[in-house]
There are 2 protein chains.
Amino acid sequence: MAEKEKVTIYDISEKLGISAATVSRALNNNSKISLKTRELVLKTAAEMNYKQNRLAQALKSGKTNNVGVIVPYINRNFFSSVIRGIEEELSPHGYHVIICQSHEDVQNEIKQVNTLLNTQVDGIFMSVAKTTQDTAHIQKAVAENTPLVFFDRKKNVPGLSSVTIDDYRGGYLATEHLIKQGCKRIAHFSGDLDVEIYKNRHAGYLAAMKDYKVKAIEKFSIQVNSKLESGASAVKNLWSYDEKPDAIFSASDYAALGAIQELRKMKVKIPSEVCVVGFSNEPFTKYMELPITSVDQTPVEMGRNAAKVFLEQIEGSKTLTIEKKVVLAPELYIRDSSNRKL
Amino acid sequence: MAEKEKVTIYDISEKLGISAATVSRALNNNSKISLKTRELVLKTAAEMNYKQNRLAQALKSGKTNNVGVIVPYINRNFFSSVIRGIEEELSPHGYHVIICQSHEDVQNEIKQVNTLLNTQVDGIFMSVAKTTQDTAHIQKAVAENTPLVFFDRKKNVPGLSSVTIDDYRGGYLATEHLIKQGCKRIAHFSGDLDVEIYKNRHAGYLAAMKDYKVKAIEKFSIQVNSKLESGASAVKNLWSYDEKPDAIFSASDYAALGAIQELRKMKVKIPSEVCVVGFSNEPFTKYMELPITSVDQTPVEMGRNAAKVFLEQIEGSKTLTIEKKVVLAPELYIRDSSNRKL
DNA sequence: TTATATTTTGTAATCGATTGCACTAAAGTA
DNA sequence: TACTTTAGTGCAATCGATTACAAAATATAA
């Protein structure tokens, strides 16, 4: 009904008796055009409620002002926070953010990259799926000259930038803190060591142990996944040994929580007998009755930084590929689960 | 460098010595075209690695295959879960999801609606900002014939569909549960009663009280916001009275948690002396040592349903506007904070 | 075999904005 | 006055795909 007819530059040109080219030039505010015509056009355009057709513009220029973000799941606090950062940094520059989920599966990831490239996004942000090994689909972006920025979980692909946190440092900080609490037998719950971030957290743990001359007991390093049960069963496992840990540094907050719950059942006192530190600073960690110490990954900042890297890339000369590796400093939030000085 | 030349239908038509129109028809698989040519074209297209230019297509057809979602903040669990539902339902249909944040501010909301309409999205999903009163910007979508589906927080605009949960029922269920636990003096923490969802939860609370002939004490209804402190101070307030509540139904999980923390400080036993029920089923509620009973809003389902409504709208006849109000049933997750039968 | 119906294909316009090139008119120079 | 600049516009092609209409090719009927 109301079906507003869309106003085009042709409507304006007709109304003013000038060519559409002139209208376009006036609107774009640059070329050589007389002040008089420009003002007339701008005024008329406003009166007629003209709105640029961004599709036509995109077709002509090849620039869509859309970027894509690929994450495993959008409703994980960490990822949605990164996306928030990206959106807030990019939105003032006129970009729209398209979100895609890989469901932690390479096949989906490949599909998503392809459709994003096909819709001609101006850039792609991604945190790769845990299982991603081959990077052919990612290199396609390079081949098509579409900037791609990794965040958190990256792959080493020449020409591509990344924004990550210093997981090694995060692991180091957490472990150092435990050592300073007087802990001597510190266990580590790591994620899949084939995934870079977990490998680095583990390395940070080992480095701190070494620096402070605390013996790292091999069987105290246990691989878990991000589930409560996984942390719980790791604890059962550890407590079956004669020599029991007096601290746990878990690369996952969920596993840390599972561990705490299990320890409670076993009447082990936290933090006096065992200190626990998690990783990610999930919202729940600070709400617990026994708030959990955790390493914060500053996800919103990560998103903002990824966006900035993208903008530099776009605004810089197109031919020159800059490969920028931004590494953010994680922050340790010390809470009751590991604070003996209460 | 590699800068792959994009293959167009003209390249194919040239290679095969036929017209681009024929190629287009073969690709679109519909019109009358000989089987022979179609197969030849499809084969060649595949060989040449042809990819449709979605921009050109969008310009011609006016359909972008993009939809926009406007939420207050994307990194709130509820909203990101709804978005997940929308994405998962729409992605198989070839749609991309663009996300926008209103930051709970009408001015931003207006801006977002406008830029989404300007980029010609095929549809808009939104949960309005708390402060939104005027709906002129929303009616603009109606005027431009762009389907708009509200979820959770809606406005009454003729012609627009919505997917919400039955907040009234949620409030009723929570209150009924408390009554069945034997509670007689049930307090209610409500949100801003100008906001429909909070009004309805409140109404559900009152209705259950009435149905079960439990006296609703006026001063036991307190307006809070979604902050821990707000819940804590509401408790202080309530406990200054001679007659103290023996249950709290909070329309916010955060306020419920704040209340629990305050009650703990006051050495009030939960659930034996006071039962507490929250609303939203935030992830943290189930992780607490004293897990909190809460009303689940089935956000992913809400997103899926909103997407379905949109698809119906799109696929149905364009002229006929269907106004569909989907109301989902909330679910009460009973946990220790209100379960006396432990 | 010729006339007619039916497929199949091509031509050209269209979606809206941008831009190289050409042209006009006004200003500047000798 | 005659000639060169230069500012300001218009023309028309372009970005790629779609589609009404016309034309050609093929099939069917008489």
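It should be emphasised that the depicted structure is a prediction, and the values quoted were computed from it without experimental measurement. Sequence lines set the chain letters: A, B, ... in the order given, protein chains first and strands last, and positions in each chain run from 1.
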Q: Compute the centroid of each ring, for F150(B) and then for F125(B), and state whether the two points are separated by less than 6.0 Å.
A: no
Q: For the pair F151(B) and F79(B), name the ring-plane relationship: parallel under 30°, tilted 30 to 60°, perpendicular over 60°.
A: perpendicular
Q: Round to the nearest Å and state the distance from L40(A) atom CG to dG8(D) atom C1'.
A: 14 Å
**Q.** Residue pair S102(B) / A129(B): nearest heavy atoms and the distance that separates them
**A.** OG-CB, 4.1 Å
**Q.** Nearest-Å distance for atom pair CG/P, residues N65(B) and dA17(D)
**A.** 15 Å
Q: Starting at atom CZ of R38(B), determine the distance to atom P of dT8(C), rounded to an integer number of angstrom.
A: 9 Å
(Q) In the structure I gave you, are the side-chain heavy atoms of H96(B) and L90(B) within less than 4.5 Å of one another anywhere? (A) no
(Q) Is there a side-chain contact between S34(B) and the phosphate of dT8(C), meaning an N or O under 4.0 Å from OP1 or OP2? (A) no
(Q) So if I define the base as every atom that isn't primed, P, OP1 or OP2, how would nucleotides 10-16 of chain C read as a B/S/- string at a heavy-atom cutoff under 4.0 Å? (A) BB--BBB
Q) Should N28(B) be listed as having a side-chain N or O under 4.0 Å from OP1 or OP2 of dT18(D)? A) yes
Q.
Let me confirm one number: the CG-CD1 distance from L328(B) to I165(B), rounded to the nearest 0.5 Å.
A. 8.0 Å
Q: Please round to 10 degrees the angle between the axis of the first five pairs and the axis of the last five pairs in the helix from dT1(C)-dA30(D) to dA30(C)-dT1(D).
A: 50°
Q | Nearest-angstrom distance from the residue atom CD1 of I33(B) to P of dT26(D) | A | 15 Å
Q: Take atom NZ of K63(A) and atom P of dT18(C), then tell me their distance rounded to the nearest Å.
A: 13 Å
Q: Report yes or no: do N53(A) and K6(A) form a side-chain donor-acceptor pair below 3.5 Å?
A: no
Q.
Do K51(A) and N49(A) pair up side chain to side chain, a donor and an acceptor below 3.5 Å, judged on atom types alone?
A. yes
Q: Starting at atom CD1 of I12(A), determine the distance to atom C1' of dT18(C), rounded to an integer number of angstrom.
A: 15 Å
Q) Which word best sums up how the rings of Y95(B) and F310(B) line up, parallel for under 30°, tilted for 30 to 60°, or perpendicular for over 60°? A) perpendicular
(Q) Applying salt bridge (charged side-chain N to carboxylate O under 4.0 Å, His left out), can you list everything that pairs with E47(B), at least two apart in sequence or on another chain? (A) K43(B)
